[in-house]
2 protein chains.
Amino acid sequence: MRLTQHTDYGLRLLMYVALKNGQRCTIREAAESFAISRNHLMKIANLLQHHGVLNATRGKGGGLQLAKPANTLRLGDLVQTLEPDMALAECLGENNQCVVTSQCLLIGVLSDALHEFLRTLNQYTLEDICVPKQSELRSLLQIELVTAE
Amino acid sequence: MRLTQHTDYGLRLLMYVALKNGQRCTIREAAESFAISRNHLMKIANLLQHHGVLNATRGKGGGLQLAKPANTLRLGDLVQTLEPDMALAECLGENNQCVVTSQCLLIGVLSDALHEFLRTLNQYTLEDICVPKQSELRSLLQIELVTAE
DNA sequence: AAATAAGATGCATATAATATACATCTTATT
DNA sequence: AATAAGATGTATATTATATGCATCTTATTT
């Protein structure tokens with residue numbers, strides 16, 4: 001049972017953007033900081049854009065920003081947005097062929113567990129996983145905030 | 001986020017064996033009832049054998065039985081036994097390369113959610129998902145118990 | 001002993017999901 | 001016009017998973 005790297009990278013990107021404290025950041029710079037594929041991050045950024053989590057602006061001086069305050073972005077919701085398929089087993093997805101489906105009690109149990117998983121994640125926001133360690137994280141990611149003059 | 005079919009099939013096999021009420025069953029018959037790959041089920045049965053969940057006996061008249069009472073087999077434990085990899089993300093597995101690991105607060109959050117997932121599953125046993133609907137399930141699986149004379 | 005019926009095991013292959021790369025396009029700024 | 005950013009579609013690579021095949025071992029029955 002794994003989340004896709006897609007989801008993992010998506011969360012990292014959001015942490016990166018959040019740590020920029022409202023200053024725009026480019027996908028390239030985030031990809032380089034995490035040493036991960038820029039092309040891959042591009043599609044993730046795009047998906048998050050379409051889901052209203054990120055604002056992306058093209059062109060020179062463009063880049064990414066959070067579309068909402070970090071303390072309103074709940075991790076369970078973000079995982080659901082990023083993850084392409086949350087059907088834990090055949091019986092919870094499409095094209096279910098299992099012969100016992102109509103009477104199966106496992107289905108409810110799995111739904112229940114998945115629900116608890118997401119509920120637990122939703123107890124945390126993007127802010128919760130960034131702010132308490134923001135200076136340490138910025139240092140690891142080599143993020144330097146431009147101070148206003 | 002999906003469990004492997006391996007895990008799914010493993011749980012189905014255990015339900016099948018449990019519904020046989022202590023009577024031996026062959027892997028072939030379970031595979032045919034669920035219309036799934038016999039070879040695949042073979043390996044799953046073998047794994048469950050090695051983990052002390054199933055008893056398997058070879059030779060004519062052989063087959064599978066539960067190694068423990070169904071009400072002692074908790075679903076969370078079974079999923080952990082069957083699933084090859086429970087590392088939700090790179091940071092929770094081996095070969096983690098993520099640069100923020102040392103300070104990352106997401107790791108704890110993910111562990112927490114995984115823990116709640118398994119805790120929820122462990123509130124149910126194999127008995128819980130078989131007994132309440134046993135006659136309906138036997139009928140769907142074409143299991144006919146041999147009555148003692 | 002031979003035949004048969006079961007599981008055990010190792011290897012090979014197929015499939016599908018995921019990740020990555022590449023090329024080109026669009027948008028915005030300078 | 002040049003440049004710097006994201007957007008998008010297609011192709012390819014990689015990996016995990018599932019499946020199939022062949023052979024071996026064990027146990028029972030005849």
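This one's a predicted model, so the numbers in the text were calculated from it and none came from an experiment. Residue numbers start from 1 in every chain, and the chains themselves are labelled A, B, ... in the order their sequence lines are given, proteins ahead of strands.
- Using a 4.0 Å cut-off between charged side-chain N and carboxylate O, B:Glu29 and B:Arg24 make no salt bridge.
- The nearest whole Å value for the distance from the CG atom in A:Leu41 to the C1' atom in D:dT8 is 16 Å.
- Atom CG in A:Asp8 sits roughly 14 Å away from atom P in C:dT18 (whole-Å rounding).
- Of all nucleotides present, only D:dA1 satisfies the Watson-Crick or G-U wobble test against C:dT30, with each distance under 3.5 Å.
- Toward the 5′ end of DNA chain C lies the nearest nucleotide of A:Ser37, the other residue of the pair A:Gly61 and A:Ser37 mapping further downstream.
- Ionic pairing of A:Arg12 and B:Glu90 is present here: one or more N-O contacts between side-chain nitrogen and carboxylate oxygen are shorter than 4.0 angstrom.
- If you measure from atom NE2 of A:His40 to atom C1' of D:dT8, you get 15 Å, rounded to the nearest angstrom.
- Counting to the nearest Å, the C1' atom of C:dT24 and the CG atom of A:Asn46 are 15 Å from each other.
- Whole-Å rounding puts the B:Ile36 CD1 to D:dA18 C1' distance at 12 Å.
- One can place CZ of A:Arg58 at 17 Å from P of D:dA4, the figure rounded to the nearest angstrom.
- When the nearest nucleotides of DNA chain C are assigned to A:His6 and B:Cys25 by heavy-atom distance, the more 5′-ward of the two goes with B:Cys25.
- In this structure, CZ of B:Arg38 is placed 9 Å from C1' of C:dA6, rounded to the nearest angstrom.
- Contact between the side-chain N/O atoms of A:Gln49 and the OP1/OP2 oxygens of D:dG6 is not found at any separation under 4.0 Å.
- When the shell of 6.0 Å around CZ of A:Arg119 is examined, it contains more than 12 heavy atoms from other residues, nucleotides or ligands.
- Comparing atom distances between the B:Gln5 side chain and each of D:dG20, D:dA18, C:dA8 picks out D:dA18 as nearest.
- Following rounding to the nearest Å, A:Ile44 (CD1) and D:dG6 (P) show an atom-to-atom distance of 14 Å.
- Heavy atoms of B:Asn39 sit under 4.0 angstrom from at least one base atom.
- The listed nucleotides are D:dA18, C:dT9, C:dA6; the one nearest the side chain of B:Met42 is C:dT9.
- Comparing B:Lys43 and B:Glu83, the nucleotide of DNA chain D nearest to each residue sits closer to the 5' end for B:Glu83.
- Here B:Gly63 lies in heavy-atom contact (under 4.0 Å) with sugar-phosphate atoms only.
- Remark: of the listed residues B:Glu136, B:Gln134, B:Lys133, B:Lys133 is the sole one forming a side chain to side chain donor-acceptor pair (under 3.5 Å) with A:Gln103.
- Looking at B:Thr101 and B:Asn96, their side chains do bring a donor and an acceptor atom within 3.5 Å of each other.
- Nucleotide C:dA23 is matched to D:dT8 when pairs are restricted to Watson-Crick or G-U wobble geometry with both distances under 3.5 angstrom.
- When side chains are defined from C-beta on, B:Ile36 does not count as touching B:His40, because their heavy atoms never get closer than 4.5 Å.
- For B:Gly59 and B:Pro84, each mapped to the nucleotide of DNA chain D holding its nearest heavy atom, the one lying further toward the 5' end belongs to B:Pro84.
- The side chain of B:Lys60 approaches C:dA5 more closely than any other nucleotide in the set C:dA5, C:dG7, D:dG20.
- D:dA16 is paired with C:dT15 under the Watson-Crick or G-U wobble criterion, all donor-acceptor distances under 3.5 Å.
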